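Here the structure is a predicted model, which means the values were calculated and not measured. All values below were derived from every heavy atom in this structure, side-chain atoms included, with hydrogens, water molecules and symmetry-related copies excluded.
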Amino acid sequence: MPKLKINNIEIEVEPGTSILQAAEQLGFEIPRFCYHDRMSVPANCRMCLVELEGAPKPVASCAMAAGEGMVVHTDSERTKKARKGVMEMLLINHPLDCPICDQGGECDLQDQAMAYGFDRSRYHENKRAVKDKNLGPLIKTVMTRCINCTRCVRFGEEIAGVTELGQLNRGEDAEIGTFVQKAVSTELSGNMIDVCPVGALTSKPYAFNARPWELKKTESVDVMDAVGSNIRVDSRGREVLRILPRLNEEVNEEWISDRTRFAYDGLKKNRLDRPYIRDAKTRKLREATWEEALALVAEKMKTFPSEQMAAFAGDLCDAESMLALKDLMNAFDADRLECRVDGAQFDETQRAGYIFNSSIAGIEEADAILMVGTDIRKEAAIINARIRKTWMEKRIPISLIGEKADLNYPCYHAGKTLQDLEKMVKGHVGKVNAQKPMMIVGMGAFLREDGLHVHGMLRDAAEKLGCIKEDWNGFNILHTAASRVAALEMGFVPHMPFEYDEMSFVYLLGVDDGFVLNRLHPDAFVVYQGHHGDAGAARADVILPGAAYTEKNGIYMNTEGRVQRGRKAVDSPGEAREDWKILRALSEVAGHTLRYDDLAQLRERMVNEFPQFDLLDELAVAEWQPFGLNGKVAGDPLRSPVQNFYITNLITKASGTMQQCSETFHSEDAMYAEAAE
């Protein structure tokens, strides 16, 4: 391994380590614009120049590999002069937009101009102007500010897998743009805003709303899918103004999907902010007090026999509220509980049968991937990006059984039905082609009546394909609901199958899925507890306004079984309350007071019965045990449950930004698919 000296400190580094990376290991900061840890090195901004003894001129530290015996100076007079020259050149055409630029206050160019630049300019010629580009409803462009670092281009090509952005022309006429007038059609486009070191690409929905120093920053967890991306919620007063990613190498690295980033405007539309009761005579909803609403629900719960009472937990629920609802229903001896409100049928008795066993980060260890019943780009864009990263590094074979999908990397379409999987297994027996093969199964494989048999067949296929080994479990279930795994862990499932239309009392905790609502008896008494007035509220006899994920502290367990905590960023609107508090108050009125008075006691009760919830941000290994049923499966084609990436839940449905994205991108996808056919 090469040894070198940086600022008179000797360091030994791995072969291939750049001077910039070696300097960072010693704690020396080297400014940069074009360099990014997760992308290729273009070395075109020259801001990272350092003095290398023996070299005729300063060298770009991001592109120069550390060599044996090198002597490097990162703060010499020669280095400082070179950086000032580079900064002066970068600012020749940069406009004086700082007072009106949304990047102000968190701009790399501002910071580095202050730290490394001159205090005046020697150039008096007119600055050039570049026409702004229309990149869609999410990214606002002011291309005159662009310094041609090409970060956005490299992000699109290398991480997102789209080639719509590129650098056009040469010299003074060089500019970033789309070769054909087209919006940037990737589910990760918002990350281009983060990687842009200047104000050339900013958030269109956030434009001119606030300055970063005005915002309260709250670390939380995303609930738009089951990935559990780590996010930071920026708010002012009672309003969420933007959502940004947080670094977590095990889950989302430093990226988030556009649905996670831009759906926040749906948090302030179509909200439930007070209790409602349906009038017995007019059948219309009227406003009510909390006391009145809780008293009516408690009275009805005492009226019906336990075998006619059922509770359903929706896709956005936190673990605490689901446990409180389960405890309340159990207090009435009611055990008709269900969290699979999309109708998915699978065996929930063995943990290894319903989690992402390999872990999301473990995708990078796989040397072959088979996807069954999933369009992973729409269901979990961040996991799709991780698969693309693995393919870029190792060129592993990837196959898909289900409907065809554009996944932004080469993928062999092996068929549409589970019979095609059987053929693949038969052709594979006796041929060991991969050391760590991985199978990823989407909910599309279980949205059918023979789901339990499908589950058993998939288990058998995983074993025969070599996905299960002593030191490797490559069988992975990809959920689409943020609440699903936590609900399964705490047993929010029925002990015996039951008919929905035979239930006289139904408690809907954030449930708006047509699969459940369409099967309820017309005369059933329905209680809806949630934060948006949608299909569930329209069906309800009593509405109890709850809190959205940004308005409460809650525990969520992602698809790999990782426990993470979401934190309260803003207050709920009007009289809405945190979900577990509503259930605790209801239990008292109903005469079955739950045994906890605050969140700490509730979490203590949760950990006592389900110790896995105490493993914060850790993964517990699930033992491989038989699950599912043996038997024939139907030949129906597999279909992804997510057809429109931008509209998947209540919040996205209420979001004007997501509606606009759906109109822009989903209609484009449909048009191209139709043209391809």
Side-chain angles (χ1 to χ4, degrees), residues 238 268-306 308-314 316-318 320-334 336 503-512 516-517 520-548 551-552 571-599 602 650:
R238 298 179 64 168
K268 33 180 198 182
K269 297 175 184 174
N270 203 23
R271 291 299 303 271
L272 298 171
D273 58 358
R274 67 201 67 186
Y276 289 88
I277 291 176
R278 191 173 299 278
D279 189 276
K281 294 181 180 178
T282 64
R283 301 304 296 161
K284 292 184 178 179
L285 290 169
R286 62 172 178 83
E287 293 181 20
T289 63
W290 271 110
E291 291 79 6
E292 188 180 2
L294 293 178
L296 178 58
V297 176
E299 178 190 339
K300 292 294 183 180
M301 293 185 79
K302 295 174 184 177
T303 302
F304 298 106
S306 59
Q308 293 181 16
M309 298 171 65
F312 298 87
L316 307 181
C317 298
D318 57 284
E320 292 92 340
S321 63
M322 291 188 291
L323 181 60
L325 179 56
K326 181 186 177 186
D327 287 347
L328 178 60
M329 295 299 289
N330 288 345
F332 283 90
D333 295 324
R336 270 76 169 173
M503 298 298 105
S504 301
F505 176 91
V506 177
Y507 203 110
L508 303 177
L509 182 61
V511 177
D512 287 83
V516 173
L517 297 176
L520 298 181
H521 194 280
D523 296 329
F525 185 85
V526 178
V527 180
Y528 176 80
Q529 179 178 326
H531 43 78
H532 276 75
D534 203 82
R539 174 65 180 83
D541 295 287
V542 176
I543 297 175
L544 306 176
E551 300 157 5
K552 58 185 175 184
D571 292 328
S572 304
E575 298 179 38
R577 297 292 181 266
E578 293 182 36
D579 292 300
W580 78 267
K581 291 183 177 179
I582 296 172
L583 291 159
R584 168 62 178 78
L586 175 58
S587 72
E588 191 169 349
V589 177
H592 291 277
T593 305
L594 299 178
R595 298 172 294 169
Y596 28 81
D597 299 321
D598 56 37
L599 194 60
L602 172 52
L650 289 174

With a cut-off of 3.5 Å and sequence neighbours excluded, list every side-chain donor-acceptor pair involving residues 289-297.
| unit_1 | atom_1 | unit_2 | atom_2 | d |
| --- | --- | --- | --- | --- |
| Thr289 | OG1 | Glu292 | N | 3.1 |
| Trp290 | NE1 | Glu575 | O | 3.0 |
| Glu292 | OE2 | Arg286 | NH1 | 3.2 |
| Glu292 | OE2 | Arg286 | NH2 | 2.6 |

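- The minimum heavy-atom distance linking Pro573 with Leu272 is given by the pair CG-O, 4.5 Å.
- Taken from CZ in Arg595 to OG1 in Thr593, the straight-line distance is 12.0 Å, to the nearest 0.5 Å.
- Residues Lys552 and Asp579 are in side-chain contact: their nearest non-hydrogen atoms beyond the backbone lie under 4.5 Å apart.
- With respect to Val526, the side-chain contact (heavy atoms from CB on, under 4.5 Å) criterion is satisfied by exactly one of Arg278, His521, Arg539: Arg539.
- Between Arg274 and Pro545, the shortest heavy-atom contact is C-CG, 3.5 Å.
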### Task
Start with the C-alpha distance between Phe312 and Val506, add both sets of side-chain angles, then the distance that settles side chain to side chain contact (heavy atoms under 4.5 Å, CB included), and finish with yes or no.
CA-CA 8 Å; Phe312 298 87; Val506 177; 3.8 Å; yes
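- A heavy-atom distance below 4.5 Å is not found between the side chains of Leu508 and Gln529.
- Heavy-atom minimum distance, Ala535 versus Asp512: N-OD2, 3.0 Å.
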### Task
Kindly indicate, with the supporting measurements, whether the criterion side chain to side chain contact (heavy atoms under 4.5 Å, CB included) is fulfilled by Leu325 and Tyr507.
CA-CA 9 Å; Leu325 179 56; Tyr507 203 110; 3.8 Å; yes
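- Distance alone, capped at 3.5 Å, places no donor-acceptor pair between the Asp534 side chain and the Gly536 backbone.
- Taken from NZ in Lys268 to CZ in Arg238, the straight-line distance is 13.5 Å, to the nearest 0.5 Å.
- Between Lys581 and Asp598 there is no salt bridge, since none of the side-chain N atoms of the basic residue sits less than 4.0 Å from a carboxylate O of the acidic one.
- Note: Leu316 CG to His532 NE2 = 9.5 Å, rounded to the nearest 0.5 Å.
- For the side-chain contact (heavy atoms from CB on, under 4.5 Å) test with Leu586, the passing option among Leu594, Leu328, Val527 is Leu328; the others fail.
- Met503 has its side chain out of reach of Met309: every pair of non-hydrogen atoms, C-beta onward, lies at least 4.5 Å apart.
- Ala540 and Ile543 get closest at one heavy-atom pair: CB-CG1, 3.9 Å.
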### Query
After noting the C-alpha distance and the side-chain angles of Phe332 and Ser306, does the key distance pass the side chain to side chain contact (heavy atoms under 4.5 Å, CB included) rule?
CA-CA 6 Å; Phe332 283 90; Ser306 59; 5.5 Å; no
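- Atoms CG and CZ, from Asp571 and Arg577 in turn, are 9.5 Å apart once rounded to the nearest 0.5 Å.
- With hydrogens and angles ignored, the 3.5 Å screen pairs a side-chain donor or acceptor of Asp318 with a backbone N or O of Ser321.
- Annotation: side chain of Asp541 is not in contact with side chain of Tyr528 (no heavy-atom distance under 4.5 Å).
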### Message
Walk me through whether Gln308 and Phe505 qualify under side chain to side chain contact (heavy atoms under 4.5 Å, CB included).
### Response
CA-CA 6 Å; Gln308 293 181 16; Phe505 176 91; over 6 Å; no
### Query
Does the pair Asp327 and Tyr596 meet the rule for a side chain to side chain donor-acceptor pair (under 3.5 Å), with working shown?
CA-CA 11 Å; Asp327 287 347; Tyr596 28 81; 2.8 Å; yes
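- Remark: Glu551 engages Arg271 in a salt bridge, criterion side-chain N to carboxylate O under 4.0 Å.
- A pairwise comparison of heavy atoms in Ser572 and Ala576 identifies CB-O, 3.7 Å as the closest pair.
- Rounded to the nearest 0.5 angstrom, His592 NE2 and Ser587 OG are separated by 9.5 Å.
- Stacking of Lys300 on the aromatic ring of Phe525 is recorded, both the 6.0 Å distance cut-off and the 45° axial limit being met.
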